[in-house]
Amino acid sequence: AKTQFLSRMSHEVRTPLNAVNGFAQLLKLQQDQSGVTDSTQKGYVDHILRAGQHLMGVVNDVLDLQQVEAGVVSLKPEPIPLKAEVQECMAMLGPMAEPRHVLMSSKIGPEWTVFADKQRLRQVLMNIGSNAIKYNQSGGDVQFSAQLDDGGALALTIADSGPGMSAQQLGRLFNP
């Protein structure tokens, strides 16, 4: 039943999402061909394209749930410039942060490259970043930073100025 549900859900979501992505691509092409200079309008189309691509990735992740349950997860690790990936996620999260007056910033230098599955990395950045915005305070901030830890591994930190979690919430952390 779950397999059938996931298959149907995938089809029902992918069909309109492909139309949204396709029309956004057409808008982008028309803007490029007609020489549109309105940066706000171009930004809106870029946001639609990025969000549509991210949502398609989320749909694919839901379908990957079957693989996870079977104990088989397919990862495609590749070198990824961390600064560019964080900036891309910050751009997608911007429309969520703006009405909450949450300022996002990055202290990640161009020298950091990570070897990761791009879709999974983006999923983690988007999930933690959206929570940092959602549970923040009005006028708060979210900061992305990276540094080498004592073992030589790159530690990525996403810090926010929100109230944090209560002891009761921390006690339930990592429980379904």
Return the minimal non-hydrogen interatomic distance between R122 and C89, and the atom names on each side.
-> CG-SG, 3.8 Å
In terms of hydrophobic clustering (I, L, V, M, F, W, Y; side-chain heavy atoms under 4.5 Å; direct or indirect links), are M90 and W112 co-clustered?
-> yes
Nearest-0.5 Å distance, OG of residue S166 to CZ of residue R172 = 7.0 Å
Nearest non-hydrogen partners of N21 and G52, listed with the distance | OD1-CA, 3.1 Å
Residue D150 excluded, over 12 heavy atoms near CG under 6.0 Å | no
What are the two closest heavy atoms between E85 and L125, and how far apart are they?
-> CG-CD1, 3.9 Å
Does one hydrophobic cluster hold both I128 and L156, with members joined at side-chain heavy-atom distances below 4.5 Å?
-> yes
Any side-chain heavy-atom pair of Q33 and L29 under 4.5 Å = yes
Would you please test E78 and K118 for salt bridge (Lys or Arg N to Asp or Glu O under 4.0 Å) and show each step?
-> CA-CA 7 Å; E78 61 182 297; K118 188 170 187 152; 5.7 Å; no
Got a second to check how far L27's CG is from Q31's CD, nearest 0.5 Å?
-> 6.5 Å
Count the heavy atoms belonging to other residues, nucleotides or ligands that lie under 6.0 Å from NZ of K107, then report whether that count exceeds 12.
-> no
Hphob cluster co-occupancy, L17 + M92, side-chain heavy atoms under 4.5 angstrom | no
From M126 atom CE to Q119 atom CD, the distance as rounded to the nearest 0.5 Å | 10.5 Å
Can you name the nearest heavy-atom pair linking N175 to G171, along with the distance?
-> ND2-O, 3.5 Å
Do the side chain of N136 and the main chain of D160 share a donor and acceptor less than 3.5 angstrom apart?
-> no
Answer yes if L154 and I158 sit in the same cluster of Ile, Leu, Val, Met, Phe, Trp and Tyr residues linked by side chain heavy atoms under 4.5 Å apart, and no otherwise.
-> yes
Give, for atom CD1 of I108 and atom CD of Q147, the distance between the pair rounded to the nearest 0.5 Å.
-> 11.0 Å
Between L103 and V142, does a side chain to side chain contact (heavy atoms under 4.5 Å, CB included) hold up when you go through it step by step?
-> CA-CA 6 Å; L103 178 66; V142 175; over 6 Å; no
Minimum side-chain heavy-atom gap L121-I80 below 4.5 Å | yes
Got a second to check how far L82's CG is from S106's OG, nearest 0.5 Å?
-> 7.5 Å
Do other residues, nucleotides or ligands put more than 12 heavy atoms under 6.0 Å from the CD atom of Q169?
-> yes
Do you know the tightest heavy-atom contact between P163 and Y135?
-> CD-O, 3.3 Å
Are more than 12 heavy atoms from other residues, nucleotides or ligands located less than 6.0 Å from atom CD of Q137?
-> yes
Between atom CZ of F144 and atom CG of L93, what is the distance when rounded to the nearest 0.5 Å?
-> 6.0 Å
How far apart are the closest heavy atoms of G140 and S161, and which atoms are they?
-> CA-OG, 3.2 Å
Walk me through it: do V124 and R120 pass the test side chain to side chain contact (heavy atoms under 4.5 Å, CB included)?
-> CA-CA 6 Å; V124 168; R120 302 295 188 247; 5.6 Å; no
Decide whether L55 and M96 are clustered together by the hydrophobic rule: side chain heavy atoms of Ile, Leu, Val, Met, Phe, Trp, Tyr closer than 4.5 Å, transitively.
-> no
Are the side chain of D141 and the backbone N or O of M104 linked by a donor-acceptor pair below 3.5 Å?
-> no
